[in-house]
Amino acid sequence: MLDSRLIGLIIVFAPLSLLSFGGGQAIVADIQYQTVEVHKWLSNSEFVDMFALSRAAPGPSTLISALIGWQVDGFAGALVAALAMYIPSSAVVYFAASWWQRSQTSPLRIAIERGLAPVAIGLVFAGVVAVVQAAQMDALALATLGMCTLILYFTKFSSYRLLFIVGAVYGALLYFGIDVFAQPGANLFYWWS
Amino acid sequence: MPPDTPVKTPGSPTPPQYVPILELLGVFLRLGILAIGGGVQAFMYRDLVEVKRWIDDKAYITGLAIAQVLPGANPVNLALYFGLKLRGGLGATVAVLGMVVPAFCIILGMGYAYRQLAHLPATHFILIGVASVGVAATLAMGAKIAKRLDRNWNTALIALVTFGAVGVLRLPMVPVVLVVVPLSILLAYVAERRRAG
């Protein structure tokens with residue numbers, strides 16, 4: 001059955017699930033507090049590593065809960081922490097979405113739809129700024145970003161293929177030791193980001 | 001059973017159509033494995049709206065807003081919302097599992113690999129490159145959807161205020177959303193009433 005560490009994981013992550021507005025971003029600070037200060041499952045530097053990993057990995061950044069669960073109690077911990085993170089919020093979304101689809105023509109629904117759209121767009125661009133700053137993108141990364149944006153905006157090129165191509169090009173640059181933006185002046189971009 | 005190869009006319013709103021459950025699983029599995037660097041919404045837009053044409057622009061942006069405003073990871077909420085919309089409860093379950101299970105396995109694998117590779121600068125270098133593709137996908141999607149927003153001052157103002165508050169001033173998102181969303185819905189409701197009456 002559930003041991004006390006697994007129950008601890010549920011107690012930490014299930015309430016945070018309901019507060020995870022906008023995904024992992026909103027609750028990162030509290031995850032740090034609970035897992036490092038309160039329960040002492042991790043050191044601060046371990047926490048930072050896990051945060052970085054959860055951002056670099058595919059899928060939702062709230063999977064940081066699985067990484068922490070793994071650290072606390074192995075595979076069972078990872079599984080329990082991930083479920084505690086997803087089930088409460090998913091239940092809320094499920095019922096909200098069901099209501100949404102039943103009330104097709106209500107004027108309130110139309111107003112909600114029109115009202116939410118600009119907020120969503122604002123948050124999308126805010127997310128871009130947050131990632132660019134968090135990643136401390138250098139000139140090369142910003143150039144990659146600009147070029148890929150143009151490609152994805154104007155063509156039907158597959159975003160997955162682009163991902164692999166960029167990964168491969170970066171790997172090659174590294175392998176052959178080419179420092180593309182090594183001139184003085186390139187550092188100006190650090191100031192911006 | 002409805003035909004599962006509907007006629008696809010570019011640009012027209014998507015008609016309700018039959019989405020094979022395995023194809024749904026395939027799309028979300030791929031998203032769960034490959035969508036990196038905060039680009040999930042953008043990758044999903046490309047797959048569901050532009051490639052498969054299962055969802056139209058308007059429905060996508062509604063789903064996006066709901067996924068962002070309700071608690072929960074955006075990618076999981078989006079998978080749940082569109083899975084439910086396309087194939088009901090089964091679709092929602094399949095989409096969420098497709099999104100989470102591979103990512104769950106990958107992140108545990110990465111957690112292990114990271115311990116071995118963390119000291120290599122190459123690890124961080126390549127990840128940054130990959131992340132910039134994720135950001136680029138988000139930018140391209142945002143620009144495409146923004147182009148199709150209602151053209152009026154309310155909409156533009158709300159979008160700018162939200163972006164400014166969260167993206168530039170770095171105010172915490174929850175209070176910002178709690179203020180901006182009711183305001184925006186009220187403005188839309190009043191505008192709708194005026195148009196109707």
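In what follows, chains carry the letters A, B, and so on, assigned in the order in which the sequence lines appear, proteins first and then strands, with residues in each chain numbered from 1. Heavy atoms only: backbone and side chains are in, while hydrogens, waters and symmetry mates are out.
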Proximity breakdown for B:L187 and chain A, heavy-atom pairs closer than 4.5 Å
neither
Only pairs of heavy atoms separated by less than 4.5 Å count here; which of A:F75, A:Y170, A:F164, A:W70 has the most with chain B?
A:Y170
Pairs of heavy atoms under 4.5 Å with chain A: top-ranked of B:A191, B:P102, B:A140, B:A156:
B:A140
Decide if atom NZ of B:K58 counts as having more than 12 heavy atoms of other residues, nucleotides or ligands within a radius under 6.0 Å.
no
Is A:L140 reachable from A:I165 through a run of I, L, V, M, F, W or Y residues, each pair having side-chain heavy atoms under 4.5 Å apart?
yes
Residue part contacting chain B, namely of A:A78, when any heavy atom lies under 4.5 Å:
both
At a 4.5 Å cut-off on heavy atoms, which part of A:L150 comes close to chain B: side chain, backbone, both, or neither?
neither
Grouping I, L, V, M, F, W and Y whenever their side-chain heavy atoms are under 4.5 Å apart, do A:L173 and B:V133 come out in a common cluster?
yes
Polar side-chain atom of A:R114 near backbone of B:E192 as donor-acceptor pair, under 3.5 Å:
no
Can you confirm whether more than 12 heavy atoms, excluding those of B:W153, are under 6.0 Å from its CH2 atom?
no
Cluster overlap A:I10 with A:M85, hydrophobic side-chain contacts below 4.5 Å:
yes
Linked, directly or transitively: B:L84 and A:F95 (ILVMFWY side chains, under 4.5 Å)
yes
Between B:V161 and chain A, with a heavy-atom cut-off of 4.5 Å, which part of the residue counts as in contact: side chain, backbone, both or neither?
neither
Point-to-point distance, once rounded to the nearest 0.5 Å, from CG of B:L64 to CD1 of A:I121
7.0 Å
As an exercise, state the distance from CG of A:L67 to CZ of B:F104, rounded to the nearest 0.5 Å.
9.5 Å
Side-chain touch B:T62/A:L116, heavy atoms, less than 4.5 angstrom:
no
Spacing of CZ belonging to B:F43 relative to CG belonging to A:L162, to within rounding of 0.5 Å
8.0 Å
Count the heavy-atom pairs under 4.5 Å between each of B:L108, B:V181, B:L186, B:V168 and chain A, then report the option with the highest count.
B:L108
Can you tell me which portion of B:L149 sits under 4.5 Å from chain A's heavy atoms? Options are side chain, backbone, both or neither.
side chain
Rounded to the nearest 0.5 Å, what's the gap from CD1 on A:I64 to CD1 on B:I107? Could you check?
8.0 Å
Relative to chain A, which segment of B:N154 carries a heavy atom at a distance below 4.5 Å: side chain, backbone, both, or neither?
neither
Donor-acceptor pair, distance only, cut-off 3.5 Å: does the side chain of B:S184 make one with the backbone of A:G115?
yes
Counting heavy-atom pairs closer than 4.5 Å to chain B, which one of A:S89, A:P118, A:A120 comes out on top?
A:P118
Please say which of B:V176, B:V177, B:V180, B:N74 ends up in a side chain to side chain contact (heavy atoms under 4.5 Å, CB included) with A:L123.
B:V177
Within the structure provided, determine whether A:F125 and B:L139 are in side-chain contact (heavy-atom separation under 4.5 Å).
yes
Nearest heavy-atom contact between B:F163 and A:A126 is CD1-N, 3.4 Å
Could you tell me the separation between the CG atom of A:L152 and the CD atom of B:E50, rounded to the nearest 0.5 Å?
9.0 Å
For chain B, which of A:L79, A:L145, A:I151, A:L108 has the most heavy-atom pairs under 4.5 Å?
A:L145
What part of A:I112 gets closer than 4.5 Å to chain B, counting heavy atoms only: side chain, backbone, both or neither?
both
So which heavy atom on A:P60 is nearest to which on B:A103, and how close?
CD-CB, 4.4 Å
Going only through I, L, V, M, F, W and Y residues with side-chain contacts under 4.5 Å, is there a path from B:I185 to B:L183?
yes
Could you tell me which portion of A:V166 (side chain, backbone, both or neither) has an atom closer than 4.5 angstrom to a non-hydrogen atom of chain B?
side chain
With a 4.5 angstrom heavy-atom cut-off, is it the side chain or the backbone of A:F154 that approaches chain B, or both, or neither?
neither
Please find the pair of heavy atoms, one from A:A111 and one from B:A188, that lie closest to each other, and give the distance.
O-CB, 3.5 Å
Heavy-atom pair count under 4.5 Å with chain A, highest-scoring of B:G164, B:A92, B:A143:
B:A143
Quick one: closest heavy-atom pair of B:S132 and A:A141, and the distance?
CB-O, 3.6 Å
Below 4.5 Å, heavy atoms only, C-beta onward: do A:Y86 and B:V96 meet side chain to side chain?
no
Measuring from atom OH of A:Y94 to atom CG of B:L70, what distance do you get when rounded to the nearest 0.5 angstrom?
15.0 Å
CZ of A:F157: more than 12 outside heavy atoms within 6.0 angstrom?
yes
Would you say B:V76 and A:S90 make side-chain contact, with heavy atoms under 4.5 Å?
yes
